[in-house]
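When reading the values below, keep in mind they use all heavy atoms of this one structure, side chains included, and skip hydrogens, waters and symmetry mates. Here is how names work: the chains are called A, B, and so on, in the same order as the sequence lines, proteins then strands, and each is numbered from 1.
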Amino acid sequence: MAKMFSYSKAEKLKSRKLMDQLFREGKTFSIFPLKVFYMQPTAILDFPVKAGVGVSSRNFKKAIHRNRVKRIMREAYRTEKNVLHDYLNLHQKQVVVFMLYIDKILPEYETIKTVMPVVLQRLVKKLNETAAANT
RNA sequence: CUACAAACCCGAACUAUCGCUCCGUACUUGUAUGGUGAGGAAAGUCUGGACAGCAAAGGGCAACCCACCGGUGAACAGCCGGAUGUUUCAGUAACAUGAAAUAAUAGAUAGUGCCACAGAAAAUAACUGCCGGCAACGGCGAUGGUGAAAACGUGGGGUAAAAGCCCACGAUGCUUUGCAGUAAUGCAUUGCAUGGGUAAACCUUGGGUGCUGUAAUGCCACGUAUAGUACCGUUUUAAGAGCGGCCCGUUCAAGGUACAGGGUAGGCAGCAACAUUGUGUAAGUAAUUGCACAGGCAGAUAAAUGAUAGUUUAGAAACAGAAUCCGGCUUACGAGGUUUGUAGUACA
RNA sequence: CGGGAUGUAGCGCAGCCCGGUAGCGCACACGUCUGGGGGGCGUGGGGUCGCAAGUUCAAAUCUUGUCAUCCCGA
């Protein structure tokens with residue numbers, strides 16, 4: 001694990017192929033105002049976590065507003081992601097995550113910042129459950 | 001001074017911590033370090049180009065666009081200057097005249113169409129009517145008061161009754177000549193004519209446009225089914241294709257079309273240095289152009305500018321985020337400033 | 001990045017090409033038939049024609065600009 005709070009190019013979900021697979025086969029859960037897609041890929045990734053954020057252009061028509069939402073989400077993920085990273089380091093797992101903002105009003109940074117740890121803890125819990133079920 | 005409207009300028013700066021894109025350097029090859037990083041509209045996509053491809057970017061029709069004159073520029077439907085109209089305001093007894101706005105602006109004397117209601121009649125001059133005549137008929141377009149618009153206007157002469165039929169003054173269109181102007185056009189002048197409006201109705205005239213767009217296009221790598229079904233065609237009179245529609249011409253042509261299915265969705269170039277930006281100066285009424293000096297100023301591909309705290313300022317808020325690149329147009333916009341106009345108040 | 005369609009009464013739509021009166025269905029109000037409801041019949045109200053400017057005597061209609069919504073292609 002590199003730096004504590006970084007969110008560099010290698011950690012971003014970029015492959016179109018992987019993304020199609022995620023939306024087709026991945027599992028989901030929602031904690032308002034976020035909806036999370038996640039799955040554990042079979043292939044070996046160059047980075048343990050591949051994470052992406054998104055907003056519907058139907059809900060936000062202006063590009064400036066979409067950029068604003070994505071920036072807030074990236075910032076929140078960057079500061080709160082240690083929970084997920086520690087878990088994955090401990091169990092030698094890898095995961096692909098995509099977080100979609102589903103509300104229609106422009107969010108404040110504080111609200112996303114309070115929701116993000118809850119989301120990541122839920123994600124860790126879900127991964128734990130599937131691991132338990134498999135064994 | 002205050003309020004409102006319009007045009008133009010400007011579109012915060014700095015420090016610390018964490019973090020992001022791209023570029024350079026170092027080495028232990030993923031870390032350190034240095035630099036770099038959105039707009040006046042990046043927007044709308046309304047336009048003009050650059051650049052690239054498309055059989056030889058063939059010809060005609062259709063379609064679409066433009067339309068006073070000159071300049072500007074790579075180009076334009078843009079911009080600048082001018083001419084002539086129209087509208088509004090000021091002004092006048094009424095003109096004249098001045099200011100502002102303006103998609104005005106080839107042709108209504110090429111042709112076709114349309115003009116509600118009212119009105120005799122909305123473009124053929126009919127009806128009513130007036131005059132002459134016994135009548136047949138002939139002459140006339142003044143009479144009719146409706147309408148947005150009624151057969152050049154006003155006054156006089158003239159006549160059986162009338163009429164640009166004639167005269168004076170004036171209006172409009174075409175035209176001759178002279179002067180001014182690069183020109184549009186203006187002023188004066190010669191002759192002829194006068195049946196409305198609409199071309200942002202069809203249209204005619206003149207000029208222009210080939211089409212598609214950086215997901216263009218070129219190259220590299222990886223991978224699948226030497227694979228299925230149906231139809232059309234193959235030595236000719238050829239199926240079909242060659243990038244919008246139709247016709248012609250021309251070139252290629254042994255495969256083509258549809259359905260179902262399988263694979264890939266990675267990389268490099270295009271791609272960031274020029275119709276470039278800033279300042280000064282010269283030419284020009286201006287748009288704009290020349291010269292000198294200085295600068296290097298985003299380059300991603302699920303897509304980079306954020307978060308927190310503090311300082312400065314009266315305040316930090318508006319509209320809003322590059323995706324091939326430039327010129328213009330249009331629209332959105334906070335606070336402050338400048339200029340102009342309108343209204344009110346106070347003082348001299 | 002490119003192409004197209006639609007804005008008319010509370011709702012769904014005509015009218016626009018070829019300019020002059022804005023209409024249809026449902027809904028609404030009143031009256032009537034019925035003991036009452038439902039339903040039928042009759043009468044009536046309600047529209048800045050998305051917004052702005054222009055052409056015209058006259059604009060929902062023609063022209064230009066603009067705003068919003070929806071759809072399509074790569």
Side-chain angles (χ1 to χ4, degrees):
Chain A
M1 196 63 48
K3 296 182 65 182
M4 289 284 283
F5 299 112
S6 75
Y7 181 46
S8 66
K9 222 172 166 177
E11 193 173 347
K12 286 178 187 167
L13 177 60
K14 294 167 87 93
S15 166
R16 182 185 287 265
K17 214 171 156 185
L18 207 56
M19 225 179 308
D20 280 351
Q21 197 188 352
L22 174 61
F23 286 124
R24 206 168 48 244
E25 302 172 1
K27 299 178 179 175
T28 69
F29 65 90
S30 294
I31 298 176
F32 191 80
L34 298 180
K35 183 174 186 181
V36 181
F37 296 79
Y38 71 97
M39 73 172 191
Q40 298 186 49
T42 51
I44 303 297
L45 302 177
D46 58 347
F47 203 83
V49 183
K50 283 284 187 184
V53 296
V55 201
S56 170
S57 65
R58 206 166 273 279
N59 292 343
F60 293 93
K61 293 201 168 298
K62 311 258 184 196
I64 179 87
H65 294 150
R66 288 197 297 275
N67 275 353
R68 176 74 191 161
V69 171
K70 286 196 280 187
R71 279 168 186 164
I72 287 173
M73 288 171 74
R74 274 200 293 264
E75 179 68 15
Y77 172 78
R78 182 177 73 78
T79 48
E80 304 293 337
K81 70 177 184 175
N82 279 337
V83 181
L84 181 61
H85 277 208
D86 290 346
Y87 172 81
L88 292 174
N89 258 353
L90 198 63
H91 295 83
Q92 291 296 314
K93 286 183 178 174
Q94 54 186 11
V95 69
V96 176
V97 186
F98 190 87
M99 282 170 286
L100 195 66
Y101 184 81
I102 52 174
D103 205 358
K104 290 183 180 175
I105 56 169
L106 203 61
E108 290 293 319
Y109 174 65
E110 289 301 321
T111 64
I112 300 296
K113 198 178 177 182
T114 51
V115 164
M116 186 58 72
V118 181
V119 168
L120 292 176
Q121 278 162 17
R122 176 79 69 88
L123 179 58
V124 168
K125 195 178 158 195
K126 290 264 180 187
L127 290 174
N128 231 350
E129 280 172 5
T130 53
N134 288 343
T135 50

Distance (rounded to the nearest 0.5 Å) between [X] [atom1] and [Y] [atom2]:
X: A:Leu120; Y: A:Asp86; atom1: CG; atom2: CG; result: 11.5 Å
X: A:Met39; Y: A:Gln94; atom1: CE; atom2: CD; result: 10.0 Å
X: A:Leu34; Y: A:Met73; atom1: CG; atom2: CE; result: 5.0 Å
X: A:Gln40; Y: A:Thr130; atom1: CD; atom2: OG1; result: 5.0 Å
X: A:Ile31; Y: A:Met99; atom1: CD1; atom2: CE; result: 11.0 Å

As a test of the definition: with a 90° window around 0 for syn, would you call [N] syn or anti?
N: B:rA309; result: anti
N: C:rG44; result: anti
N: B:rC297; result: syn
N: B:rG40; result: syn
N: B:rA52; result: anti

With sequence neighbours excluded, what pairs up with A:Lys125 under the side-chain hydrogen bond (donor to acceptor under 3.5 Å, both in side chains) test? none
If I pick the [atom1] atom on [M] and the same atom on [N], what distance separates them, to the nearest angstrom?
N: B:rA104; M: B:rA199; atom1: P; result: 13 Å
N: B:rA150; M: B:rG195; atom1: C1'; result: 10 Å
N: B:rG37; M: B:rA32; atom1: P; result: 22 Å
N: B:rU305; M: B:rU324; atom1: C1'; result: 23 Å
N: B:rA307; M: B:rC20; atom1: C1'; result: 12 Å
N: C:rC18; M: C:rC72; atom1: P; result: 32 Å
N: B:rA77; M: B:rC329; atom1: C1'; result: 10 Å
N: B:rU159; M: B:rC165; atom1: C1'; result: 10 Å

Map A:Arg68 and A:Ala63 onto RNA chain B by nearest heavy atom, then report which one ends up closer to the 5' terminus.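 So the residue in question is A:Arg68.
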Would you kindly give the [atom1]-to-[atom2] distance between [X] and [N], to the nearest whole Å?
X: A:Asn67; N: B:rA43; atom1: CG; atom2: C1'; value: 14 Å
X: A:Glu80; N: B:rA307; atom1: CD; atom2: C1'; value: 12 Å
X: A:Arg66; N: B:rA38; atom1: CZ; atom2: P; value: 21 Å
X: A:Arg78; N: B:rG306; atom1: CZ; atom2: C1'; value: 8 Å
X: A:Ile64; N: B:rA323; atom1: CD1; atom2: P; value: 13 Å
X: A:Lys113; N: B:rG306; atom1: NZ; atom2: C1'; value: 13 Å

Salt-bridge test for A:Arg78 and A:Glu75: reply yes if a basic N is under 4.0 Å from a carboxylate O, no otherwise. yes
Counterpart base for [N], defined by Watson-Crick or G-U wobble contacts under 3.5 Å:
N: B:rU311; answer: B:rA13
N: B:rU102; answer: B:rG85
N: B:rU281; answer: B:rG290
N: B:rC4; answer: B:rG341
N: B:rA346; answer: none
N: B:rU159; answer: none
N: B:rG73; answer: none
N: B:rC268; answer: B:rG218

Any donor-acceptor pair under 3.5 Å from [X] side chain to [Y] backbone:
X: A:Tyr87; Y: A:Leu123; answer: no
X: A:Lys81; Y: A:Ala76; answer: no
X: A:Lys113; Y: A:Glu80; answer: no

From B:rA38, B:rA307, B:rG306, pick the nucleotide closest to the side chain of A:Tyr109?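 For the A:Tyr109 side chain, the nearest candidate turns out to be B:rA307.
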Over 12 foreign heavy atoms within 6.0 Å of NZ, A:Lys93: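 Check passes, neighbour count above 12.
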Can you confirm whether A:Lys12 is buried at NZ, in the sense that more than 12 heavy atoms of other residues, nucleotides or ligands lie under 6.0 Å from that atom?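 Correct, the count exceeds 12.
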B/S/- contact track for nucleotides 66-74 of chain C, protein heavy atom under 4.0 Å: ---S-----
Dot-bracket for RNA chain C, 5' to 3', with Watson-Crick and G-U pairs under 3.5 Å, [ ] for crossing pairs and | for other-strand pairs: what is it? (((((((..((((......[..)))).((((((.....)))))).....(((((..]....)))))))))))).
Does A:Arg71 get its side chain close enough to the base of B:rG321, under 3.5 Å, for a donor-acceptor pair? yes
What is the nucleic acid contact for A:Ser8, judged by heavy atoms within less than 4.0 Å: base, sugar-phosphate only, or nothing?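 Here A:Ser8 touches the backbone only, sparing every base.
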Please list, chain by chain and in numerical order, all residues satisfying side chain to side chain contact (heavy atoms under 4.5 Å, CB included) with A:Thr114, sequence neighbours excluded.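 In terms of side chain to side chain contact (heavy atoms under 4.5 Å, CB included), with neighbours along the sequence ignored, A:Thr114 is linked to no residue.
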Please produce a list of atom pairs where a protein N or O lies less than 3.5 Å from an N or O of nucleotides 299-303 of chain B.
{"residue": "B:rU301", "atom": "OP1", "partner": "A:Lys9", "partner atom": "NZ", "Å": "2.8"}
{"residue": "B:rU301", "atom": "OP1", "partner": "A:Lys14", "partner atom": "NZ", "Å": "3.3"}
{"residue": "B:rA302", "atom": "O2'", "partner": "A:Leu13", "partner atom": "O", "Å": "2.7"}

Donor-acceptor pairs under 3.5 angstrom involving side-chain atoms of residues 63-71 of chain A: please list them, not counting sequence neighbours.
{"residue": "A:Arg66", "atom": "NH1", "partner": "A:Phe60", "partner atom": "O", "Å": "2.9"}
{"residue": "A:Arg66", "atom": "NH1", "partner": "A:Lys61", "partner atom": "O", "Å": "3.3"}

